[in-house]
Q: 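After the C-alpha cells below, expect a handful of questions from me.
In what follows, chains are A, B, ... by sequence order, proteins preceding strands, each numbered from 1. Scope of the values below: all heavy atoms of this structure, side chains included, with no hydrogens, waters or symmetry mates.
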There are 2 protein chains.
Amino acid sequence: MSTPRARQRRLSAATVARLPLYQRVVADAALRGESVVDSTVLGTRAGVTPATVRRDLAGLGTLGTRGTGYEVDLLGQRLAEALGHDRRCDVVLVGLGHLGHALATSRTFLAPGARLSALYDVDPEVVGTTVGGLVVHDLADGVEAASVAVLAVPAGAAQDVAERCVRAGIRALLNFSPTVLRVPPGVAVQDVDLSTELQILLYHLHHGTGPLAGGLWRDLAPGASDALS
Amino acid sequence: MSTPRARQRRLSAATVARLPLYQRVVADAALRGESVVDSTVLGTRAGVTPATVRRDLAGLGTLGTRGTGYEVDLLGQRLAEALGHDRRCDVVLVGLGHLGHALATSRTFLAPGARLSALYDVDPEVVGTTVGGLVVHDLADGVEAASVAVLAVPAGAAQDVAERCVRAGIRALLNFSPTVLRVPPGVAVQDVDLSTELQILLYHLHHGTGPLAGGLWRDLAPGASDALS
DNA sequence: GGATGTGAAGTAGTTCACAGCC
DNA sequence: GGCTGTGAACTACTTCACATCC
C-alpha cells in the first residue's frame with residue numbers, strides 16, 4: 001500500500017466533466033465485444049476531438065498502447081476508479097414532484113457506488129408514499145446524514161432545504177432549482193438549471209452562433225450510423 | 001430602423017451561459033422594487049465576480065451608469081432582447097415519462113417567447129392523455145415543424161427521435177438522454193445529462209477539488225441571508 | 001506502419017487595475 | 001466619492017505536430 005491511488009495527476013475541471021462520457025462509451029464498447037479502442041473512435045463516439053481524448057486520458061496515467069489504442073477493460077477500470085465508482089456513497093433526494101420522481105426511479109441517474117438512502121418532501125399527500133422502493137419522509141422531521149443531497153424543489157424552498165441539508169452534515173448538493181444557493185465554505189454545489197439550458201440553445205439558434213461547451217453543431221458521421229440493434 | 005439589433009457585439013459562449021442567470025437576478029430585483037443594481041450585488045446574487053459581470057454586460061452595449069450601476073428596467077429589457085424573449089418560438093417535447101411530465105408542466109422551464117406546441121410519446125397508455133393542457137400525440141404519426149425539440153426519451157430511442165425531428169425541419173435539440181446524437185451540420189444540440197452532473201459532483205467531493213464551471217465552493221455571504229419572506 | 005503521450009502554439013475565458021465619467 | 005468599461009496580464013483549455021514506442 002505504498003502508492004495506492006496516487007497514479008493520476010490532478011485532473012482539470014473540463015477533463016472531469018468528460019470522464020463520465022468516456023466511461024459510457026467504453027462500457028458500450030465492452031458490450032459490443034470490442035477489446036481495444038483508439039482515441040479517434042472514442043472521440044467520435046463521445047463528441048470530442050482525438051487530441052482532447054488523449055490529453056484527458058493521459059491524466060489517468062499511462063494506459064494506452066502506442067500503435068494500438070486503449071484496452072477497453074483496463075480503460076474502463078481506470079475510469080471507474082477515477083470516478084470513484086468503488087466508493088459507496090449515500091444520496092438523499094428532497095422534493096418528489098415529477099422531476100424528483102424521475103430521478104428517484106431512473107435506472108441511469110445514480111452512478112455505480114451511489115445509493116439512494118432517503119427521500120423527503122413536505123406535501124402531506126406525498127409523505128408516506130413509496131417511490132422507487134423508498135418511503136417518502138417528512139422534511140420537517142429532519143434530514144439524515146449522507147454524502148450528497150439532490151434538491152428537486154421549487155425555487156422558493158431551495159435555500160431553506162439547502163440549509164437543512166448542510167445542518168445534517170451533507171457537504172455536496174446537486175441543485176435543480178433556479179436559485180443560487182448560499183452555503184458555507186467546504187460545501188460543494190453543482191447547479192443544473194433546465195430552463196437555462198433551453199435559453200442557451202435558443203440564443204444560439206437565434207444568433208446562428210457556433211460551438212458551445214456542450215458541443216453544438218456536431219457533424220453527421222461520414223459513414224452510416226452504426227445501428228446498435 | 002437603421003441599426004435595429006446591431007447594438008451588441010458577439011457574445012462568448014461563456015457569457016451567453018450566464019445571461020439567463022443575470023436575467024433572473026434582475027427580474028428578482030425588479031420585484032423587490034430596486035431600481036438600480038451594481039456589478040457587485042449582481043455578482044453576489046448570480047454567483048459570479050463583479051469583473052465578470054461588467055465584462056459580460058459590456059457586451060450588450062453601453063448600459064451602465066458610472067458611479068451608480070445598472071438601471072434595473074433597462075438592463076432587464078436589454079437582457080430579454082439579447083435572449084430573444086420577444087421572439088415567438090415553438091417547442092415540441094418528446095417523451096412523457098416523469099421527466100417529460102415535469103418539463104411539460106413546469107412554470108419555469110419555458111423562457112418567455114417559447115411555447116409548448118406539441119407533445120409526443122410512443123406508449124399507448126400515454127398517447128391520447130392530456131398533459132399541461134396539450135394532448136399527447138403518437139410519435140409514429142410524425143412530428144410537426146417547430147423551432148426546438150426537447151428529447152426526454154430513453155437512451156436507446158434518442159437517435160431515432162432526433163432523426164424524426166430533424167426530418168420535420170427542427171434545427172435545435174435539447175437532449176436529456178445520455179447519448180451523443182449524430183445530427184447533420186446546421187442542427188444545434190444541447191446536451192443535459194443528469195447522471196453526468198451527479199458524477200462530476202461526486203468526483204469533486206471525493207477528491208476535494210475546487211471550483212468548477214457550475215460554481216462550486218461558493219462562500220456564504222458575510223451578512224445574514226437577506227430573507228425573501 | 002500506426003497510435004500514444006506531450007511540448008509548444010494557439011485560443012478562450014477570467015481577473016486585475018485603472019482611466020473615465022457621473 | 002463611487003462604479004463602469006476596458007486594456008493588459010493571467011490562467012485555463014484546446015489543438016497542433018511530432019518524437020516515441022509497440
Q: A:Ala58 or B:Arg54: which one's nearest nucleotide on DNA chain C is closer to the 5' end?
A: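 Final value for this comparison: A:Ala58.
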Q: Distance under 4.0 Å to a non-hydrogen atom of chain B counts as contact; along DNA chain D, which nucleotides mark the start and end?
A: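 The footprint of chain B covers D:dG2 to D:dA8.
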Q: Less than 3.5 Å apart, any donor N or O on the side chain of A:Gln159 or A:Glu163 sitting next to an acceptor on the other?
A: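 Side chains of A:Gln159 and A:Glu163: pair found under 3.5 Å.
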Q: At 4.0 Å (heavy atoms only), tell me whether B:Ser39 reaches a base, stays on the sugar-phosphate, or touches nothing.
A: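 Sugar-phosphate only.
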Q: If I take atom CD1 from residue A:Ile170 and atom CG from residue A:Leu151, how far apart are they, to the nearest 0.5 angstrom?
A: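 A:Ile170 atom CD1 to A:Leu151 atom CG measures 9.0 Å (nearest 0.5 Å).
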Q: Base, sugar-phosphate or nothing for A:Thr15? Non-hydrogen atoms, less than 4.0 Å.
A: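 It contacts nothing in the nucleic acid.
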Q: Report the residues that fulfil side-chain hydrogen bond (donor to acceptor under 3.5 Å, both in side chains) with B:Ser12, sequence neighbours left out, ordered by chain and then residue number.
A: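 Listed in chain order: B:Thr15.
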Q: I need the B:Leu57 CG to B:Leu19 CG distance, nearest 0.5 Å.
A: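 These two atoms lie 8.0 Å from each other.
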Q: Before you tell me yes or no, could you show the steps for B:Arg24 and A:Thr196 under side chain to side chain contact (heavy atoms under 4.5 Å, CB included), namely the whole-Å CA-CA distance, both residues' side-chain angles and the distance that decides it to 0.1 Å?
A: CA-CA 10 Å; B:Arg24 218 159 51 211; A:Thr196 293; 4.0 Å; yes
Q: Side chains of B:Thr65 and B:Glu71: closer than 4.5 Å at any heavy-atom pair?
A: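 Heavy-atom side-chain distance check fails, nothing below 4.5 Å.
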Q: Return whichever of A:Thr65 or A:Thr52 has its heavy-atom-nearest nucleotide of DNA chain D closer to the 5' end.
A: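 Of the two residues, A:Thr52 wins.
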Q: Could you tell me from which nucleotide to which nucleotide of DNA chain C, 5' to 3', there is an atom under 4.0 Å from chain B heavy atoms?
A: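 Range of nucleotides within reach of chain B: C:dG13 to C:dC22.
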Q: Any non-hydrogen side-chain atom of B:Arg45 less than 4.5 Å from a side-chain atom of A:Arg182?
A: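 Touching, per the 4.5 Å side-chain cut-off.
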Q: For residues B:Leu116 and B:Phe109, determine if any side-chain heavy atom of one lies less than 4.5 Å from a side-chain heavy atom of the other.
A: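 No, too far: nothing below the 4.5 Å cut-off.
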Q: By the 4.0 Å heavy-atom rule, please label B:Leu63 as base, sugar-phosphate, or nothing.
A: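 If one applies the 4.0 Å heavy-atom cut-off, B:Leu63 turns out to touch the sugar-phosphate alone, with no base involved.
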